[in-house]
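In what follows, a structure is listed as structure tokens, so that the remarks can point back to it.
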2 protein chains.
Amino acid sequence: KKQFAIIGLGRFGSSVCRELHHMGHEVLAIDKNEKKVDALSDVATHTLVADVTDETALQRIGIRNFEHVIVGIGEDIQASILATLHLKDFDVPKVWVKAQNNYHHKVLEKIGADRIFHPEHDMGYRIAEFLTSEKVLDYIDLSSDYSIVEMLATDKINNKSLVELDIRAKYGCTVIAIKKTNKVDVTPNPTEKINKGDILVMIGNKKDLRRFQDGAL
Amino acid sequence: KKQFAIIGLGRFGSSVCRELHHMGHEVLAIDKNEKKVDALSDVATHTLVADVTDETALQRIGIRNFEHVIVGIGEDIQASILATLHLKDFDVPKVWVKAQNNYHHKVLEKIGADRIFHPEHDMGYRIAEFLTSEKVLDYIDLSSDYSIVEMLATDKINNKSLVELDIRAKYGCTVIAIKKTNKVDVTPNPTEKINKGDILVMIGNKKDLRRFQDGAL
Ligand SMILES: Nc1ncnc2c1ncn2[C@@H]1O[C@H](COP(=O)(O)OP(=O)(O)OP(=O)(O)O)[C@@H](O)[C@H]1O
Ligand SMILES: Nc1ncnc2c1ncn2[C@@H]1O[C@H](COP(=O)(O)OP(=O)(O)OP(=O)(O)O)[C@@H](O)[C@H]1O
């Protein structure tokens, strides 16, 4: 059974903690701020008030017994870097760290962070995508050229079937699933009518998906 | 041509600003902190130092001419709420706001925010998923039961073809694309060999995808 430790219980760290707990995993939640630690006492297996820049404190915690440690310290970049350094010195196999900016990211890479995250930056990026492609409800980039998108079916394609729309021939992209109000259909029937408000899950070249969005919806 | 205004140039707001600019859109970047504003002067069409809790200042900016305004104010929840209130009073059609916590979210909903985001919370949630499904590199939830995942092909399926693996019959999920080192194949050849290190893009019921991950990879 995997053991996880979360250091830094801001919005990010506490969210990891809650979700791991919800999935039934054991979590040690650590923060130098007692209030933050107490706020999570019902969703952490163990909690600890500690300043993780203190190597001795980390040693006493027995942090080397953990396979995965998440560092969610935000503003104090030096503390985040120092904690990561200690953790890798203690041979913690997987140290995942939230980075504040590019400088922080570069240093973390050099000192061996196994995975680095930029939650605010990444979502800012995604929002720019949503702002400029209003019919796209969600997406995943497969590469710089290909993506999978969820698009809302509009009036324009109401009551038309996939066969009638002939999407692959006209636009080069493919509908892989259709989300109806109460179910997800992963083998969409080509002759079944699409209703306004359905969500089309499509895969293809980004240019083709945009052409489809502008031309068909 | 759409006009965007970004209020609050933290990591989130500045990231929206940079990406919109990168896409060729006009952006007005606003913050009460002059340093933050100056840092973005090369990626914003216009910049402005202003305290957005001041309704007169917003009016003077002509904020009602903007179709989309993003509010990226973080710590000061009251400022974020007040700014959102003013923007909706000015009939700004789309006001998208970053929320700090559930209370903040509820208030924003009530005062008419058109879309609300929780970047740190959402990524914390995703990271818990990645921590517990180590072969999943990325995913998109289609519903509570279905998702699309990107999984790393391991030694175990090296040199096997889709036909040989017979995934749909054994696990009930479908491979919709294969990412090889330099290309994305959205019409994967059922007889072509999969190489360790390829990424399988699969759709299916979450339980089936987990069974596949545990059983086949
Ligand atoms: N040396 C340290 N030891 C332990 N905890 C620390 C240390 N330094 C900072 N923290 C804790 O890390 C947590 C997150 O840091 P902070 O609030 O600065 O980041 P943030 O980027 O705003 O977080 P988030 O975006 O996740 O809300 C805080 O609760 C803080 O008490
Ligand atoms: N009343 C206001 N008017 C204009 N800008 C404001 C106001 N209040 C706060 N801001 C700005 O909002 C920006 C983001 O706020 P803050 O840094 O508290 O949030 P954050 O959640 O840490 O941001 P992020 O997570 O995006 O980095 C700051 O640059 C701050 O100067």
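Lettering of chains follows the sequences in order, A, B, ..., and the numbering in each one begins at 1.
- Remark: B/Arg115 CZ is packed, more than 12 non-hydrogen atoms of other residues, nucleotides or ligands lying under 6.0 Å away.
- For residues 66-73 of chain B, a heavy-atom distance under 4.5 Å to chain A picks out B/Glu67, B/His68, B/Ile70, given by residue number.
- The candidate from B/Asp122, B/Asn101, B/Val16 with the greatest count of non-hydrogen atom pairs under 4.5 Å with chain A is B/Val16.
- The number of heavy atoms from other shown groups lying within 6.0 Å of CZ (A/Arg168) does not exceed 12.
- Inspection of non-hydrogen atoms places B/Val201, B/Ile203 of residues 188-209 of chain B under 4.5 Å from chain A.
- Put simply, of A/Met123, A/Lys179, A/Met23, the one with the most heavy-atom pairs under 4.5 Å next to chain B is A/Met123.
- Here the NE2-CZ distance, from A/His118 to B/Arg11, works out to 10.5 Å after rounding to the nearest 0.5 Å.
- The two residues B/Tyr125 and A/Ser15 make their nearest non-hydrogen contact at N-OG, 3.3 Å.
- Listed in order of number, the residues of residues 38-50 of chain B that approach chain A to under 4.5 Å between heavy atoms amount to none.
- For the set B/Thr187, B/Val184, B/Ile176, B/Val186, the count of heavy-atom pairs under 4.5 angstrom toward chain A peaks at B/Val184.
- Identified by a heavy-atom distance below 4.5 Å to chain A, the contributing residues of residues 128-147 of chain B are B/Ala128, B/Glu129, B/Phe130, B/Leu131, B/Thr132, B/Glu134, B/Leu137, B/Asp138, B/Tyr139, B/Ile140, B/Asp141, B/Leu142, B/Ser143, B/Tyr146, in residue-number order.
- There is no contact between A/Lys183 and chain B, counting heavy-atom distances below 4.5 Å.
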